S.K.: 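Let me give you the structure first, and then I'll get to my questions.
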Amino acid sequence: MLYIRDLTKRYGNFTAVNHLSLHIPAGDLFGFVGPNGAGKTTTIRIVCGLLRASGGSVQIGGTSAPVGSREMKRQIGYVPDFFGVYDNLKVKEYMEMYGSMYGMYTRDIAKLTDDLLELVNLTDKKEVYVDTLSRGMKQRLCVARALLHNPKLLILDEPSSGLDPRARVEMKELLKNLHAMGKTIVISSHILSELSEMCNSIGIMQQGHLLAAGLMEDVMNRFGGGRNIHIRIASPMEPAIRLMQEQVGVRIESVRENEMIIAYNGGDQQISALMQYMLQNGIVLTDFHREEGTLEGLFMQLTGGGAE
Amino acid sequence: MKFRMNPIVKKDLQVTARSMRLSWGLFAYEGVLTFAFMLALLGIQGESRSFYGGNIYSYLVMLFPVLAISQVCIVSLIVPLLTASSISGEKERQTFDIMMTTCMSPFSIVVGKVTSAVIRILFFVLAGTPIMALAFVVGGLSWLDLLSFMLVISLYSVFLGSIGIFCSSICKKAIAAVILSYVLTAVICGATTIPVILRMLIGRGKPGESLLFMLFNPILFFEEYFMQVMTGESLMADELSRSDVGILTYALSRGTLWIFISAACILLLSFVFMLLASWRVNPLHGSGTRASRKKK
Ligand SMILES: Nc1ncnc2c1ncn2[C@@H]1O[C@H](COP(=O)(O)OP(=O)(O)O)[C@@H](O)[C@H]1O
Ligand SMILES: [Mg+2]
């Protein structure tokens, strides 16, 4: 769906985006994660044709239209991180104006507006002035606006920044619905917890580099492979420790009264083999589990290493 | 194909119609015009009493240039205010980015902004017509003169609007853009006379071809226009026929040709400014400055 190749953006001698390559397949809800200043907004603005790249290419849905061309713009719905609305303009007129900016006819826009306002739960605000809406409502209106021309790709830059918790939940529900309806969505955020609940794929960015990208589980597994294993034992500890010391690739991190923590770089099958082996050797296990992997943990692990 | 209104024009008109600024603007415009009318009337009465003993009708025709020039002055002040804030205003209120991601081309955005300013200013001018019409009824001018004034002031608004939008596209702040567009308008008026002054100094009083630069001068354009309407003569035609120059200027010295060529030249200049503005507005061409962002 969205192909980014070798994308680079330099401001003077500062490189905001550094040879970023990324493919987001159709139907994904892609979370674009990174601390402030990582280059997420810069990347998004280039994709939307609002900023000229220093190098690299962006392609959408197999067309070879250049960034910023009308054909490309038709495929993208963009919700910026900060945006304003006009005074003295009603919600339905707001929609009509942007619809006509895509060359749509008033009659078609009116019909679509009803559907979209219902989708974003703003039906009762149709006759209200946009500048009187709350921040959360404006955000949802902006999503409805971005969907007017039925783009293949919806891009939201930090959609929940500045929203109260309730508005955040509403926004998340809306995005989940859109995902279920088959839209390809890209969301950038520096808040990880909300992305991990909603996205099916992620890309982690820092200082202009894409550190990892792919399906959520894949990324977690690939980079969570080094997570520790906690083992609780009801039999004496000595034989268990000896057994572990003999194993290749196992490092004992700590031993307590009836528990030990080992570092093991194996996959799921190797871990279950390890467990079997212990049982076969008469060790009584009461607990054997891998540390819970969180996106936060992964994020800290990835970005901590590259922050020098 | 169905006619479709430029979305920007439509939105601007919708929004303007609802804002208090329109009411106050209209009030101020008519107020100034009425004031000018009163002053002119007083002046005419005084004149006519001292010379012709009460026959003021032959003087009333002077109401037309007085009112028309007042309007030209007000328009000169307002149009830059309307257009110079348009692009930088969009950036300040952070609506610019979204607009640029739609299918509106930069040129149609620029044209939309200028058109909406011209329409809004014509709204004021039309509202002032009844006052103007008095000069026609009692002053003996034809309705064609009134129509021609509408055309001339529209042209002038397009000219000012295109300068305004150009300044708006290069300034980050709306206020800077407004000031720059006043300055730029003054510079255009001044710069087009420099060749003439130089030629007069060097060429011992004969401006020659340097007069062609004056085709782009809006002040001279209005001077010619009022000369034509009031006296049927042309200052430039006189000037050109006296200074013996090539075939080009000879043609220009024929009757009213000057004013039409000058109108075309001013339109051309406006078009160039609009093209430059749309080039600057395109984020992929211009300096790529992002819209100013509010820190939360
Ligand atoms: N116009 C600009 N001029 C210079 N540096 C910029 C400009 N815009 C952004 N940057 C820098 O580029 C980096 C990436 O910014 P941005 O893409 O906004 O990050 P993010 O959205 O991930 O927080 C930041 O360090 C920022 O300071
Ligand atoms: Mg950002």
Side-chain angles (χ1 to χ4, degrees), chain A residues 9 11 41-42 44-54 66-90 93-94 96-107 109 129-131 135 142 145-146 148-149 151 155 157-158 161-162, chain B residues 1-23 85-86 88-109 111-113 116 174 279-296:
Chain A
K9 176 68 190 180
Y11 293 110
T41 300
T42 306
I44 288 173
R45 289 172 63 84
I46 292 172
V47 171
C48 294
L50 293 171
L51 201 61
R52 191 171 40 185
S54 314
V67 174
S69 65
R70 201 167 290 198
E71 195 181 343
M72 190 82 146
K73 285 174 174 178
R74 269 189 206 289
Q75 321 234 20
I76 303 177
Y78 170 55
V79 179
D81 44 358
F82 302 101
F83 65 92
V85 294
Y86 300 97
D87 303 335
N88 288 316
L89 200 66
K90 291 178 181 172
E93 293 161 353
Y94 179 86
E96 191 190 319
M97 178 184 79
Y98 284 109
S100 50
M101 284 184 176
Y102 283 103
M104 297 162 69
Y105 287 103
T106 315
R107 196 163 12 95
I109 300 170
Y129 288 106
V130 278
D131 52 325
R135 169 92 214 226
C142 197
R145 194 258 330 141
L148 253 178
H149 57 296
I155 304 180
D157 199 355
E158 308 259 357
S161 69
Chain B
M1 220 189 87
K2 236 166 81 178
F3 167 77
R4 251 184 298 186
M5 202 178 188
N6 188 310
I8 291 179
V9 176
K10 188 169 180 188
K11 189 271 296 175
D12 276 356
L13 295 184
Q14 259 171 344
V15 166
T16 310
R18 286 186 185 133
S19 80
M20 274 306 281
R21 254 191 294 177
L22 178 76
S23 320
S85 59
S86 55
S88 27
E90 296 273 349
K91 286 185 179 173
E92 277 174 15
R93 66 165 64 226
Q94 299 181 306
T95 47
F96 180 73
D97 283 351
I98 295 181
M99 192 156 77
M100 290 316 295
T101 58
T102 68
C103 289
M104 287 283 281
S105 71
F107 189 68
S108 51
I109 290 174
V111 168
K113 293 283 184 194
S116 93
W279 200 83
R280 287 279 321 186
V281 160
N282 190 335
L284 302 179
H285 286 160
S287 58
T289 50
R290 45 162 63 183
S292 59
R293 304 168 150 246
K294 278 189 204 117
K295 293 274 167 286
K296 23 157 204 169

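Note that this is a predicted model, so its numbers are computed, not measured. Proteins get letters first, then strands, A, B, ... in listed order; numbering begins at 1 in each.
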S.K.: For A/R70, what residues pass the salt bridge (charged side-chain N to carboxylate O under 4.0 Å, His left out) criterion, not counting sequence neighbours?
M.R.: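 For A/R70, no residue satisfies salt bridge (charged side-chain N to carboxylate O under 4.0 Å, His left out) once neighbours in sequence are set aside.
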
S.K.: Got a second to check how far A/S100's OG is from B/K11's NZ, nearest 0.5 Å?
M.R.: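 Spacing of OG (A/S100) from NZ (B/K11) equals 11.5 Å.
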
S.K.: I need the B/I98 CD1 to A/C142 SG distance, nearest 0.5 Å.
M.R.: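 B/I98 CD1 to A/C142 SG: 4.0 Å, rounded to 0.5 Å.
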
S.K.: Would you check, one step at a time, whether the test salt bridge (Lys or Arg N to Asp or Glu O under 4.0 Å) holds for A/E96 with B/K10?
M.R.: CA-CA 10 Å; A/E96 191 190 319; B/K10 188 169 180 188; 2.4 Å; yes

S.K.: Give, as side chain, backbone, both or neither, the part of B/T16 having an atom under 4.5 angstrom from any heavy atom of chain A.
M.R.: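 No part of it gets close to chain A.
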
S.K.: Measuring from atom CD1 of B/I109 to atom CE of A/M101, what distance do you get when rounded to the nearest 0.5 angstrom?
M.R.: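 So the gap between those two atoms works out to 6.5 Å.
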
S.K.: Considering residues at least two apart in sequence or located in another chain, which fulfil the salt bridge (charged side-chain N to carboxylate O under 4.0 Å, His left out) criterion with A/D131?
M.R.: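 So A/D131 forms no salt bridge (charged side-chain N to carboxylate O under 4.0 Å, His left out) with any residue.
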
S.K.: Tell me, side chain or backbone of A/V79 under 4.5 Å from chain B's heavy atoms, or both, or neither?
M.R.: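 Interface part for A/V79: neither.
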
S.K.: Taking atom CD of B/Q94 and atom CZ of A/F83, what is their separation to the nearest 0.5 Å?
M.R.: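 Between atom CD of B/Q94 and atom CZ of A/F83 there are 9.5 Å.
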
S.K.: Starting at CG of B/D97, measure out to OH of A/Y78 and round the result to the nearest 0.5 Å.
M.R.: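 Between B/D97 CG and A/Y78 OH, I get 5.5 Å after rounding to 0.5 Å.
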
S.K.: Any donor and acceptor pair, going by atom type alone, linking the side chain of A/K73 with main-chain N or O of B/M100 inside 3.5 Å?
M.R.: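 At least one qualifying donor-acceptor pair exists.
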
S.K.: Looking at A/I76, A/I46, A/D87, which makes the most heavy-atom pairs under 4.5 Å with chain B?
M.R.: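 Among A/I76, A/I46, A/D87, the one with the most close pairs to chain B is A/D87.
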
S.K.: Is it the backbone or the side chain of A/E71 that comes under 4.5 Å from a heavy atom of chain B, or both, or neither?
M.R.: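 For A/E71, there is no contact with chain B at all, as no heavy atom is under 4.5 Å.
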
S.K.: Taking all heavy atoms of A/Y102 and all of B/T101, pick out the closest pair and write down the distance.
M.R.: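 It is OH-O, 3.4 Å.
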
S.K.: Any side-chain donor-acceptor pair under 3.5 Å between B/E90 and A/Y86?
M.R.: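 On atom types as modelled, these side chains qualify, holding a pair under 3.5 Å.
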
S.K.: Do B/R18 side-chain atoms and A/N88 backbone N/O form a donor-acceptor pair below 3.5 Å?
M.R.: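 Present.
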
S.K.: Hey, is the main chain of B/C103 close enough, under 3.5 Å, to the side chain of A/R74 for a donor-acceptor pair?
M.R.: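 No, because the side chain of A/R74 does not come within donor-acceptor range (under 3.5 Å) of the backbone of B/C103.
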
S.K.: Find the distance between CE (A/M97) and CG (B/D12) and round it off to the nearest 0.5 Å.
M.R.: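 Rounded to the nearest 0.5 Å, the CE-CG separation comes to 9.0 Å.
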
S.K.: What are the two closest heavy atoms between A/L89 and B/Q14, and how far apart are they?
M.R.: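 Nearest heavy atoms, A/L89 then B/Q14: CD1-OE1, 3.7 Å.
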
